[in-house]
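As structure tokens, the structure follows; a few thoughts come after it.
Throughout, protein chains are lettered first and strands after them, A, B, ... in sequence-line order, and every chain is numbered starting at 1.
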Amino acid sequence: MITITFPDGQERQYEAGSSALDIARSISHGLAKKVISAKVNGEVWEATRPIQHDARLQLLTWDDKDGKMTFWHSSAHLMAEALEAIYPGIKFGTGPATESGFYYDVDPGDHVISSDDFPRIEQKMIELARLKNEYVRKPISLEAAVAFFKEKGDEYKLELLEKRKEEAADITLYEQGHFIDLCRGPHVPDTSYIKAVKLTNVAGAYWQGDENRQQMTRVYGISFPKQKELEEYLHMIEEAKKRDHRKLGAELELFMFSERVGAGLPIWLPKGNQLRDRLMNFLRQEQEKRGYQLVTTPHIGKKELYVTSGHWEKYGQDSFRPISTPREGEEFMLKPMNCPHHCEIYGHRPHSYKDLPLRIAEFGTVYRYEQSGELHGLSRVRGFTQDDAHIFCTPEQVKEEFLNVLDLTKVVLAKMGFENFTAQISLRDPETPEKYIGTDENWRNAENAIIEATKESGLQTTTELGEAAFYVPKLDFMVKDALGAPGSWAPYRWTTTCLTVSSWNTLAPITCRTAR
RNA sequence: GCCAGCAUAGCUCAGUUGGCCAGAGCAGCUGAUUUGUAAUCAGCGGGUCGGGGGUUCGAAUCCCUCUGCUGGCUCCA
């Protein structure tokens, strides 16, 4: 017998080899029908996988995030089975669950999959789901797995296996119906759990996220245990469309775009401009209260300015082309960021430590060449105005200044009604130090300042390695949109960075930057 | 930039395999009605079918190209 401990601390005895589903059945039949998968000692397992030893057990249903992920992952396999039935010889990349559904990256060879094919694929999925095929977990040796996918001719899976040589002992295949996939699992017990499916989108996606490699066809979908839930989901999508800022902006005559002016260049109409003014006045007041001094800097600047700052080397090829003048060798750039200008203001005259902290703020309009496929309403544009501030202070003042910035951020977010926001600390990727400028010491100091200040302010944060900018760690505030739909982030990002390098001054202060 | 789509009246859209002067609803305008809270009646105006090029006796419809848009990928100072 084994002892199973439930989340509420209750313990019960079961025969060794009982599955989560067996255990659920012993509690109630209704519960057993809802169980999708289970957390065994914190790891998500199939509900049907035998538990051999004492364990902590949490049954997962549709109401649990991990339950949904299991469900959607199984749906990805079901879609793969349908795709393979419709397009024989199709090759498979990876097919995970996402925050809101699932996708599978496939290489359909000569076929082109478009949204016109969705109804057919959906129909096939439902047809296969009704067969109630079990998802069978099959531990396998690396060699046997390689042999299998060689035979099948799926080079993408072979590449994935190549990467997993280290963990050769843990390789598993999953089989349902006629489809066998390399997969860690877990899955729902059988395909009949999936009652409703909707393919939502098809898009290109680079294999292994590398733009120099093969582009796969990524098919997105979402699925539900009940038809009604699909309908509710579709309704929510409709509601979200009604609230789309692009639709509202046009209807309310807030802003417009013009083909003749150019893509990604918003034109603010009178009503929209009133909104802008109100927002700017509010931000101005809050900043003046906190000792910021407002400045205005030009829209273009000499190329050398950005060469000095390092931005040219990093982003020059992605920026607008330089603007040349009749004077030989002279080039200007449309201002892509305000930082160098603010540093110029600091360096304009010698400073005593008594001048610090010096807080410079500007509503600075900047221009950046964004790839054509990136443009999106007002959230990704080629010209926009940043509320951008730089704080010049001594190393000792960094933490306090950072706390003040956090306070300002919270005040603004609260005033704007953003109650649900997340804060993400973006640090260097320790694996690729060559991507970053500055000394290790400065990086450590800057990263610690962010970590300590956020901790001290009681802010809930997540930490991402490798998400830092090339010259600074960042703290990003991200807010949810009006519907709070999962995975759908408002175009509102508040970035606070802590800069420690500057070639513009003799005092070598720390520069804190806050842009939103 | 890459992949898949899309672009017809102010808005939402019809327009099957290329073939009478390109249509509907709503909005607008004019007139009638005066019935109390989302659309009463009649009439009218409005479209280089995104731009350019090509195939054809003939293109909104097929091909090429440019521009813009949508959803992803990559990028995001």
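The C1' atoms of B/rU8 and B/rA60 are separated by 7 Å, rounded to the nearest whole Å. Comparing the same atom, P, in B/rG43 and in B/rA38 gives a spacing of 27 Å after rounding to whole Å. Atom C1' of B/rC57 sits at a distance of 29 Å from the matching atom of B/rC66, rounded to the whole Å. If you take atom P in B/rG15 and the same atom in B/rU34, they sit 42 Å apart, rounded to whole Å. Using P as the reference atom, B/rG1 and B/rC63 are 22 Å apart when rounded to the nearest Å. Distance check on atom P: B/rU30 versus B/rU65 gives 48 Å, rounded to whole Å.
Between A/Lys247 atom NZ and B/rC69 atom P there is a gap of 18 Å when expressed in whole angstrom units. Rounded to an integer number of Å, the gap from A/Tyr103 OH to B/rC3 C1' is 15 Å. A/Gln371 has its CD atom 15 Å from the C1' atom of B/rA77, to the nearest Å. A/Met216 has its CE atom 12 Å from the C1' atom of B/rC73, to the nearest Å. The nearest whole Å value for the distance from the CG atom in A/Asp387 to the P atom in B/rA77 is 17 Å. When rounded to the nearest whole Å, the span between OH of A/Tyr315 and P of B/rG1 equals 20 Å. One atom, CD of A/Glu467, and another, P of B/rC76, lie 9 Å apart when rounded to the nearest Å. Here B/rC75 presents its P atom at 19 Å from NE2 of A/His376, a figure rounded to the nearest Å.
Residues that satisfy the salt bridge (charged side-chain N to carboxylate O under 4.0 Å, His left out) test with A/Glu374, not counting sequence neighbours, are A/Arg380. The salt bridge (charged side-chain N to carboxylate O under 4.0 Å, His left out) test applied to A/Lys399 returns A/Glu452, A/Glu456, not counting sequence neighbours. By the side chain to side chain donor-acceptor pair (under 3.5 Å) test, A/Glu288 pairs with no residue at all, sequence neighbours left out. Not counting sequence neighbours, the partners of A/Tyr220 by the ring-ring contact (aromatic ring centres under 6.0 Å, His included) test are A/Tyr103. Applying the ring-ring contact (aromatic ring centres under 6.0 Å, His included) test to A/Tyr206 and every residue at least two apart in sequence or in another chain returns nothing. Qualifying salt bridge (charged side-chain N to carboxylate O under 4.0 Å, His left out) partners for A/Glu313, counting only residues two or more places apart in sequence or in other chains: none. Qualifying salt bridge (charged side-chain N to carboxylate O under 4.0 Å, His left out) partners for A/Lys410, counting only residues two or more places apart in sequence or in other chains: none.
Contact of the A/Glu231 side chain with the A/Met236 side chain is not registered, since no non-hydrogen atoms from C-beta on lie closer than 4.5 Å.
At the heavy-atom level, A/Tyr220 lies under 4.0 Å from the strands shown only through sugar-phosphate atoms. A/Tyr367 comes within contact range of no nucleotide atom at all, as no heavy-atom separation falls under 4.0 Å.
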Sort me out a list of protein N/O and nucleotides 64-68 of chain B N/O pairs below 3.5 Å, or just none if empty.
unit_1 : atom_1 : unit_2   : atom_2 : d
B/rU67 : O2'    : A/Glu259 : OE1    : 3.3

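Taking for each of A/Thr200 and A/Pro336 the nucleotide of RNA chain B with the nearest heavy atom, the 5'-most of the two is the partner of A/Thr200. Both A/Arg246 and A/Gly316 lie near RNA chain B, and the one whose nearest nucleotide falls closer to the 5' end is A/Arg246.
At a cut-off of 3.5 angstrom, the base of B/rC3 holds no donor-acceptor pair with the side chain of A/Arg218. The base of B/rC2 sits with one of its N or O atoms less than 3.5 Å from a complementary donor or acceptor on the side chain of A/Gln215. For B/rC75, its base never sits under 3.5 Å from the side chain of A/Arg368 at any donor and acceptor pair.
A heavy atom closer than 4.0 Å to some atom of RNA chain B occurs in A/Gly204, A/Ala205, A/Tyr206, A/Gly209, A/Glu211, these being the qualifying members of residues 204-214 of chain A.
Paired with A/Phe392 under the rule side-chain contact (heavy atoms from CB on, under 4.5 Å), one option of A/Ile345, A/Leu358, A/Asp355 passes, and it is A/Leu358.
The salt bridge (charged side-chain N to carboxylate O under 4.0 Å, His left out) analysis of residues 105-114 of chain A, with sequence neighbours excluded, yields the pairs A/Asp105-A/Arg218.
Between A/Lys474 and B/rA77 there is a side-chain polar atom (N or O) within less than 4.0 angstrom of OP1 or OP2.
Residue A/Gln123 places its CD atom among 12 or fewer non-hydrogen atoms of other residues, nucleotides or ligands, all under 6.0 Å distant.
With a 3.5 Å limit on both pairing distances and Watson-Crick or G-U wobble geometry required, the stems of 3 or more pairs in RNA chain B span B:1-7 with B:67-73, B:10-13 with B:23-26, B:28-32 with B:40-44, B:50-54 with B:62-66.
Listed for the A/Asp117 side chain is no donor-acceptor partner under 3.5 Å among the backbone atoms of A/Ile113.
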Acceptor/donor pairs from residues 81-89 of chain A side chains to any protein atom, 3.5 angstrom cut, sequence neighbours excluded:
unit_1  : atom_1 : unit_2   : atom_2 : d
A/Glu81 : OE1    : A/Gln176 : NE2    : 3.2
A/Glu81 : OE2    : A/His178 : N      : 3.2
A/Glu84 : OE2    : A/Lys152 : NZ     : 3.1

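Comparing B/rG5, B/rC75, B/rA77 by their closest approach to the side chain of A/Ser114 singles out B/rG5.
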